[in-house]
Amino acid sequence: MDEFEDQFRTINYEKLPIIPDPDTFYVNNATRILEKRRELSEVEEDLVNQREEFHVKLRVLKLRREDLLEKEEELKLSILKFDKFLKENDAKRLRAKSKQMSENDLQRQKERDIMKMEKELDFQITQRGKLKKKTESHAVYPSFLENVIKTGDEFQDIGTVTSRFEALLHTYDLLVRRYQENQETIKTIKSNLNNFIKTKNNENLKYQNMIAGLKIRLEAAKTKTVKWESIWVHIQNTAAKKTLTLGMVKMAIFNLYAHIKEAELDLNIAIEDTTKQLSVVQEYIMQLREILHEFKRMES
């Protein structure tokens with residue numbers, strides 16, 4: 001039992017924490033606090049230094065930024081100036097190119113004009129040669145005219161001959177022009193005549209067609225006239241028969257009326273008034289019918 005208790009105490013004591021000495025504990029804590037305060041003051045000092053350094057860097061950065069902005073503005077101005085320079089340079093190059101093209105066109109035009117003038121000069125030289133040959137070939141005519149003047153008394157000199165020739169030539173031109181004008185007038189008259197003949201032929205054909213149509217209508221009208229004449233004769237015959245029958249009927253009605261009114265000297269109704277005569281006959285028949293009816297009733 002004592003051995004067990006000794007072992008238990010030994011075990012429990014080993015597990016219990018070691019309690020330091022109070023004085024030593026307080027000294028250590030004070031030292032640690034002082035160290036922490038020193039470290040904190042060092043950290044704060046470092047923070048202050050870093051803050052100042054940060055402000056210094058910030059001011060440096062601000063200055064660099066302002067410097068960069070100024071340089072950027074200068075760069076923009078330089079770019080604008082360079083762009084303007086390029087545009088002016090392009091404009092100058094285009095003007096120079098256009099001027100060069102104009103000069104080239106002008107040069108080519110001048111070359112073409114020179115070639116044209118050279119051709120014209122060659123043509124004029126050729127014409128001059130031809131005219132010279134023609135003049136040489138016509139040199140015989142003045143001598144011929146002089147011989148003509150000498151042989152005749154009509155002309156005094158070559159000028160008179162040429163004047164007469166020019167007058168005859170002018171007269172010939174007038175006659176040719178008048179002949180051409182007359183030919184044009186004749187053409188116009190012929191054209192108008194042809195148009196007139198064509199128009200009249202068309203009108204004649206039109207009238208012939210109208211006459212043919214009218215003839216057809218005339219034959220049809222004649223046929224209808226014969227038909228209606230036969231119908232009219234039939235109507236007249238029928239009307240005569242009906243008139244005769246009507247006269248006979250009127251006479252029979254009048255005789256009947258006169259028979260009814262035979263006791264009266266004055267018949268009171270004209271002979272032509274058949275309607276009233278029929279009315280009197282009808283009234284008389286109705287009276288006879290009533291008498292007959294009354295007679296039969298009395299017998300029954």
Side-chain angles (χ1 to χ4, degrees), residues 54-149 155 157-196 198-199 202:
F54 175 75
H55 286 298
V56 171
K57 289 181 178 180
L58 186 62
R59 284 194 297 273
V60 172
L61 289 174
K62 185 176 181 181
L63 293 173
R64 289 181 64 186
R65 183 178 180 184
E66 291 176 354
D67 189 17
L68 287 174
L69 289 174
E70 291 179 357
K71 290 181 178 180
E72 185 178 1
E73 292 295 329
E74 292 176 358
L75 182 61
K76 287 181 179 179
L77 292 174
S78 299
I79 290 171
L80 291 174
K81 290 180 180 179
F82 184 70
D83 188 17
K84 184 178 180 181
F85 171 75
L86 289 177
K87 289 180 179 178
E88 291 177 354
N89 193 15
D90 290 336
K92 290 179 181 179
R93 183 173 58 81
L94 291 174
R95 286 196 296 271
K97 186 176 180 181
S98 177
K99 184 178 180 180
Q100 184 65 31
M101 291 176 66
S102 300
E103 290 178 355
N104 292 333
D105 293 337
L106 183 61
Q107 182 66 26
R108 286 192 291 269
Q109 184 64 36
K110 288 182 177 180
E111 290 176 357
R112 288 194 293 269
D113 293 339
I114 291 171
M115 292 176 65
K116 184 176 179 182
M117 293 175 70
E118 288 177 352
K119 290 181 180 179
E120 184 67 23
L121 180 61
D122 294 336
F123 176 76
Q124 293 295 334
I125 291 171
T126 305
Q127 290 296 112
R128 181 182 177 185
K130 291 180 180 180
L131 290 173
K132 186 176 180 181
K133 290 180 179 180
K134 192 173 182 180
T135 303
E136 290 175 355
S137 63
H138 290 169
V140 67
Y141 295 113
S143 60
F144 174 76
L145 290 174
E146 289 177 356
N147 293 326
V148 170
I149 293 169
F155 304 105
D157 53 8
I158 296 175
T160 308
V161 176
T162 55
S163 299
R164 180 68 180 275
F165 176 76
E166 289 177 355
L168 292 174
L169 184 62
H170 179 68
T171 305
Y172 174 78
D173 291 336
L174 289 176
L175 291 174
V176 170
R177 192 178 301 112
R178 187 173 298 175
Y179 173 77
Q180 292 176 351
E181 291 176 355
N182 292 332
Q183 290 296 319
E184 292 295 329
T185 305
I186 291 169
K187 285 182 181 180
T188 304
I189 293 171
K190 284 183 178 179
S191 178
N192 294 332
L193 179 61
N194 291 328
N195 292 329
F196 178 77
K198 186 177 180 180
T199 303
N202 291 331

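Quick note: residue numbers are just sequence positions, from 1.
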Under 3.5 Å: donor-acceptor pair, side chain of [X], backbone of [Y]:
{"X": "Ser98", "Y": "Leu94", "answer": "no"}
{"X": "Asn182", "Y": "Arg178", "answer": "yes"}
{"X": "Asp67", "Y": "Leu63", "answer": "no"}
{"X": "Asn89", "Y": "Phe85", "answer": "no"}

Any heavy-atom pair between the side chains of [Y] and [X] that's under 4.5 Å?
{"X": "Glu88", "Y": "Lys84", "answer": "yes"}
{"X": "Arg93", "Y": "Asp90", "answer": "yes"}
{"X": "Leu106", "Y": "Lys110", "answer": "yes"}

As an exercise, state the distance from [atom1] of [X] to [atom2] of [Y], rounded to the nearest 0.5 Å.
{"X": "Glu166", "Y": "Leu169", "atom1": "CD", "atom2": "CG", "answer": "8.0 Å"}
{"X": "Ile125", "Y": "Glu118", "atom1": "CD1", "atom2": "CD", "answer": "10.5 Å"}
{"X": "Arg112", "Y": "Gln107", "atom1": "CZ", "atom2": "CD", "answer": "10.5 Å"}
{"X": "Thr188", "Y": "Leu193", "atom1": "OG1", "atom2": "CG", "answer": "12.5 Å"}
{"X": "Lys57", "Y": "Arg64", "atom1": "NZ", "atom2": "CZ", "answer": "11.5 Å"}
{"X": "Tyr179", "Y": "Glu184", "atom1": "OH", "atom2": "CD", "answer": "11.0 Å"}

Steps toward side chain to side chain contact (heavy atoms under 4.5 Å, CB included) verdict (Glu72, Leu68): CA-CA 6 Å; Glu72 185 178 1; Leu68 287 174; over 6 Å; no

Glu120 side chain to Gln124 side chain, donor-acceptor N/O pair below 3.5 angstrom: yes

Donor-acceptor side-chain pairing of Gln109 and Asp113 below 3.5 angstrom: yes

SB check Asp122 Lys119 (cutoff 4.0 Å): no

Crowding at CZ, Arg65 (>12 non-hydrogen neighbours, <6.0 Å): no

Qualifying residue, where the test is side chain to side chain contact (heavy atoms under 4.5 Å, CB included) with Phe82 and the options are Leu80, Ile79, Leu86: Leu86

